[in-house]
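This report concerns only the one structure given below.
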Amino acid sequence: MTKKDAKLTITINNKPYRVASDLTILKAAEENGIYIPTLCAHKELTPHGGCRLCIVEVDGFRNFPTACTTPVSDGMIIRTDTSALNEVRTEILQLFMSEHTSSCLICPETEECRAFMGTVRKAGVTTGCRYCPNDGQCELQDVVEKLDIKEIKYPIYYRNNRVEKEDPFFDRDYNLCVLCGRCVRMCQEIRTANVLAFNYRGRETVIGPAYGRTHVEAGCEFCGACVSVCPTGALSEKDRKWEGKPDREEVTTCSFCGVGCQMRLQVKENRIIGSLPVLDDPVNNGQLCVRGRFCISEVVNGHQRLLAPQKNAGDIGIDISWDNAIAGAAETLAECGPDEAGILISPNCTNEDLYVAQKFVRVALGSHNIDTSARTFYGSGFNAYLNLVQKATPLSEVAKASVVLCVGLDSRFGRSVVGVEIRRAMKNGAKILSIHPRQHNLSLLADKWVQPLPGDEVATLQKLVKLSVKKTDTKKKAGTEDDLAMIACLLKEAKSSVVLVGSEFLQLDSSARILALIDELAGNVGAGILPLPVQNNLIGSLMMGAYPELLPGAMASSNAKKAGELKKTWGVKLPAYKPNKQGGALFGGKKLKVLYLIGENAPNGDAPAADFVISQNLYAAEASRKVDLDLPAAAFTEADGTFFNGEGRVQRVRKAVEPKGQALPDWQILCRIAKKMGVSGFDYKSAADIHKEMSTVVPGLRTFERPARKPQTITVKSEMVVSAGKNSAAKKADKSYPFMLSACAVEHVYRGMALSTWVDGSRAIFREGVVEVNPDDARRAKLSDGDHVTVTAADFKKVWPIRIAKEQAPGTLFVVMPQGESLKANPQPVKIRKKNV
Amino acid sequence: MRIESVEQLRKLEKKYRGETESHPVRVHICYGPGCLANGAQEIGDRFRKVIKEKKLKNFKVEAIKETGCHGFCERGPLVVLEPEGTFYTKVKVKDVEAIVEKSLGKSEIIESLLYTNPADDKKIQRYKDIPFYAHQKRIALRNLGQIDQTSLHDYIAAGGYQGLAKALTAMNPNKVIKEVELSGIRGRGGGGFATGRKWATCAKIESDVRYVVCNGDEGDPGAFMDRAIMEGDPHTVLEGMIICAYAVGSTQGYVYVRDEYPLAVVHLQKAIEDAEAVGLIGENILGTGFSFHIAISRGAGAFVCGESSALMRSVAGEVGEPRAKYIRSVVKGLKDKPTVLNNVETFACIPVILSEGGKAFSKIGTPKSTGTKAFSLVGKIENTGLIEVPMGTTLREIIYNIGGGIKDGKPFKAVQTGGPSGGCLPESKLDLPVDFDTLTEAGSMMGSGGMIVMDDATCVVDVARYFLSFLVEESCGKCVPCREGLYQLHQSAVRICEGKGTDDDLEIMQHLSDMIVIGSLCGLGTSGPNPFLSTIRYFRDEYEAHIKEKKCPAGVCTALITYIITDRCTGCLACIPACATDAITGKKGQVHQLAQDKCDRCGACYAVCKYDAIEIH
């Protein structure tokens, strides 16, 4: 028997219990179903001992010890519910309430009020019983009820704090705060973000970032972990403030990036009202990032969701029935020749959707015209990225590593779950190294941060690769100020190291070269490598064969053996595969008769992308996209399925609510069209059905209900041909074009929709179409925040607002390109001028 | 020069002592905080200048010593001529020339600067004969006034580091602990925990690292014992720490000094550097192979950081908040390692215990509280200052024999001991022997040694209100009983002082106090209601006078008093300009009038009236 599970005998309230030796009294009592009131203890956090409500009587102890901080010992005799204890607890609780806005807790009309809790009229009213948004979910309320407090005998001294609403996603009303410190401990111990702290002392204590900064300024990641643990209504989500308690929860996988966080969707009356992390999950360890925590409900509940199929004529859309829509689509597609129609599907879709889509193309349309937007996102670096993906090491390795090198990774918002792992590694003594062109959230904590300016990325990495060769003596140089030598030295000497690849360099013209160098570097020093794909199911799109070059199982389309195998399963001979000479452009750059978009955007432009465009998504496509038929699709919260995350793990997506309006899962729509076209092999009853068929052609998949695939790298048995022309060295800045402008694509996208379009708060943190300018440069150019500037290069001219960002290196500009826009060269020298208004 | 061995240290001691004694007269100028504030620095400078000008034979400038606090702050600035012990009080810069000429040049005594015994109006020449000093016994403060504050030379000459030498060469760590246990010394910071036992526990715990921390976060209002030691004799603190480190097996120590003591930091820093330079701190101390390092850690101005767990968090760079101590800090303290935390005064006693032996120490004081205790004696008392007496000395002896009784011969009312969380004792308790247990039984506590004496013009309700307001301000806010409970207590006290109190207030306060004592997390909370509890215990009538009769018997609480001009008024006009609110009117030679509606009861008229014509009702 190990020491940890050694059992002790303790007596609680005259009953003997056998408990493990490493427990506190509180945990031992909770395990055995004994209630001890508490406000500050939380199962994820270290004991605090501040609320003093969990005091117990223990024989041999002088005073009443707190159950949350006192470990059990053999033979301990504990009483949790004596009159002496309850008298003190009652007093303490009354003291709590002497400063807490407490009308609802002792209001004689509580019962009646509860009965009418959900009325519209009361929503948003900030007085009376609607002062606190947490009615019904407040732990203080529970304890008051349990201890049966009816009056407060002490004079009331409210704190009269201002309600803080200036930051996105959650509001803070510290009048309701009981200073339990859960949020502070969460931020410091678990998230290790250290944004929250106790400010001032005594009665003046307020939680918040030090020195009066806002949360945005203080580097808050808006992960919402603090909101989740708040026992009162002090911290409340803006979006669901008055929603109340959920009816139920559904565990699913987040679809916003390739990390694959497990989350609990909060459901109330067939509506997603929020999302919380799954505790103790091997992937996200009880953490979420701002997108998973705060953005889901706004994306899937938007009041502009497409509720019925819609036929468009010019700017006017007319709702039509599903039967009409299916018939129309089937007819149009049936009229096309084999190579005249194609599907562009989002890599945010589930494996089942992707599988059905590619089967639809290969069986019903008789071509290989299927692709995803990942090809355009990664551009010339797509091949190189796939090479890295095939080497993905599990995320759990990060915390164990002794050196972590982050290349182009900013873990503040999108990857904050990875950021937590990085800081966990740091806590375990790991060295953190970062290569990033701007000041970012790792630059302060990294042991070394190398800042290659736009255009120097390849040269920097080349130097590093050279130094990383075993026989190069870097030790001597490491002592000097040569940062790269130091990084190389650390990597070479590390017991275990991981290279994390973020999305900073992915849209540069030289991305292929950069990614290849990262690969070489990792190889030289024997580091594990973990690319963090932006698209949550990028690997699924490869494994399902959602590309012309790939068949299910990530086998080359030219592979006759695989084609034969598929023929057996599908009962149809596969169309002949002709390699695409111009892989960079979708569908070989050819204009199609019918373009079928599933969770993707039609290319913007004056001319329609095809003669007939079908868009299947959560929202109707913008009129400018010239879509002929809009089909309402289900969101990932509304359908079942599976995903591959970036580590190659298969995860489940579960239907939490019914699809909005008449929306249907993507695969169902495809199947109905196929059947209408008279094609057989699309008689699936459920996602599980599809999964069953898939698993016969894709290795590693087995059970649908409990996917067993652990993090495991994949093998892509084909070359993705992408046009190579762009891979050229960047031009240098000169007198006429003194600034280097680098750009990246909008990263926070779900099914082709930028989150900033649909989520209010995200606009404050994800800025698109805004040029970031170094403060010194801005001063010289007499620019202030929000000014519009004309950015001119040899071959383009754009007007963007600016943001003065101290993160930006002098002489450089950075912009997140609005969706659908791109630069011809990236990075490139430009000049800026304040726009005359 | 490094001191490589104990023999070398002994030789040095002899040499240094010889050097010190070779001066026929030594001028000890008190550079304690009180005297410095009254111009000791200027006096010292003047001495050097005058001596240079006069070109005295047989007198070297090195014989001027800037010493630590002599203790008799009431009479500062002090100048003592050693080895004779001639004691000059209230010395001014203009007196320096006379002292140099007469006392140094011709060994004459300047009568006018000597102390006058108020009992018989006779001048006393030697300080040892002055009652203030005669009744004291100095162990922790032994070098204060005797040696130059930061001089390692003087400290060694005074027998410094001999305790360490003995420990390192003649004793094993276990024996050192035994010696400390034998002395019976208990922690001087207030807790009174047996120091030897603490060390023994720490030494027994298996760990790669152990820490020794000195608590110099002396936060009690009116207390300055630790400050005087850190500023005036820093080496003794360091020596105590090194001995402790040797005993428990530690290699790193920290002195935690409160932010309000910048001079202590300077002196300690110099002492550490000097000791490091000669190899008394650092690697291979005195050539014995034992190594120990000391660093200074500065507080940021929080009273609660005097509490052990909060202090250790503060040293580690975290927020200074106490934690629940289900595991004592001696087991899991600084950075979760076994840590000995002792007060400055405790460490100052250790070298003596080692060099003189634990047995000798244990014979001083009472059986359960051995040794001596330093107190800072302040308030309405004739001789304010820093004193050290054997444990078991009665309060009366301290206040009347050493302190010289109440100022201006007024009646004694109460003495407050133990700092803000201590308590007030009335006249009936004056014959209590001062030791850890007796004071606690009487409802007060030893604390770190603050002693505030009050006369009958002090309102105890107001005193309780003041101490409560201090504690409310200093509560860290972590636990509710302390954060909200003390605030409620304070609010009730304020109401009573304003004449708005009711009987309910007293009941609530009593009830609340009991709960705060039971429910609070750390010592600040559990002793927080003491200002109320001890005053209500002995002075309930005064509370009741405030509540029922709406009167403040001491005439302090402004809301409850009125100033009245009686017919003793001579019409001198003095009080009219003194009044800030123009409440007093009148003509020369006629009895003045006081308009009660304008009077804000500041007491300025009362203070300026020479004819006792103004009365407080």
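Numbers restart at 1 for each chain; the letters A, B, ... are given by sequence-line order, proteins then strands.
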Return yes when atom [atom1] of [X] has more than 12 non-hydrogen atoms of other residues, nucleotides or ligands closer than 6.0 Å, and no otherwise.
X	atom1	value
E204(A)	CD	no
K550(B)	NZ	yes
E507(B)	CD	no
K337(B)	NZ	yes
R197(B)	CZ	no

Might you point out which heavy atoms bring [X] and [Y] nearest each other, and give the distance in Å?
X	Y	answer
P155(A)	Q488(B)	O-NE2, 2.9 Å
R201(A)	G301(B)	NH1-O, 3.3 Å
G202(A)	R483(B)	O-CD, 3.6 Å
R52(A)	P481(B)	CG-CD, 3.5 Å

* Asked: Backbone N or O of H48(A) within a donor-acceptor pair of the K478(B) side chain at under 3.5 Å?
  -> yes
* To do: May I ask you to name which of Y200(A), Y157(A), F198(A), Y154(A) has the most heavy-atom pairs under 4.5 Å with chain B?
  => Y157(A)
* Structure fact -> Among P65(A), C51(A), P71(A), G181(A), the residue with the most heavy-atom pairs under 4.5 Å to chain B is P71(A)
[X] versus chain A, the contacting section by heavy-atom distance below 4.5 Å:
X	value
S520(B)	backbone
R323(B)	neither
V319(B)	neither
E474(B)	both

* **Under 4.5 Å from any heavy atom of chain B - which part of F61(A)** => neither
* In terms of heavy-atom proximity below 4.5 Å to chain B, should E87(A) be classed as side chain, backbone, both, or neither? -> side chain
I need the [X] [atom1] to [Y] [atom2] distance, nearest 0.5 Å.
X	Y	atom1	atom2	value
L179(A)	E484(B)	CG	CD	8.5 Å
I518(B)	E91(A)	CD1	CD	9.5 Å
T69(A)	L521(B)	OG1	CG	8.0 Å
L95(A)	I516(B)	CG	CD1	7.0 Å
Q188(A)	E318(B)	CD	CD	8.5 Å
K153(A)	H511(B)	NZ	NE2	3.5 Å

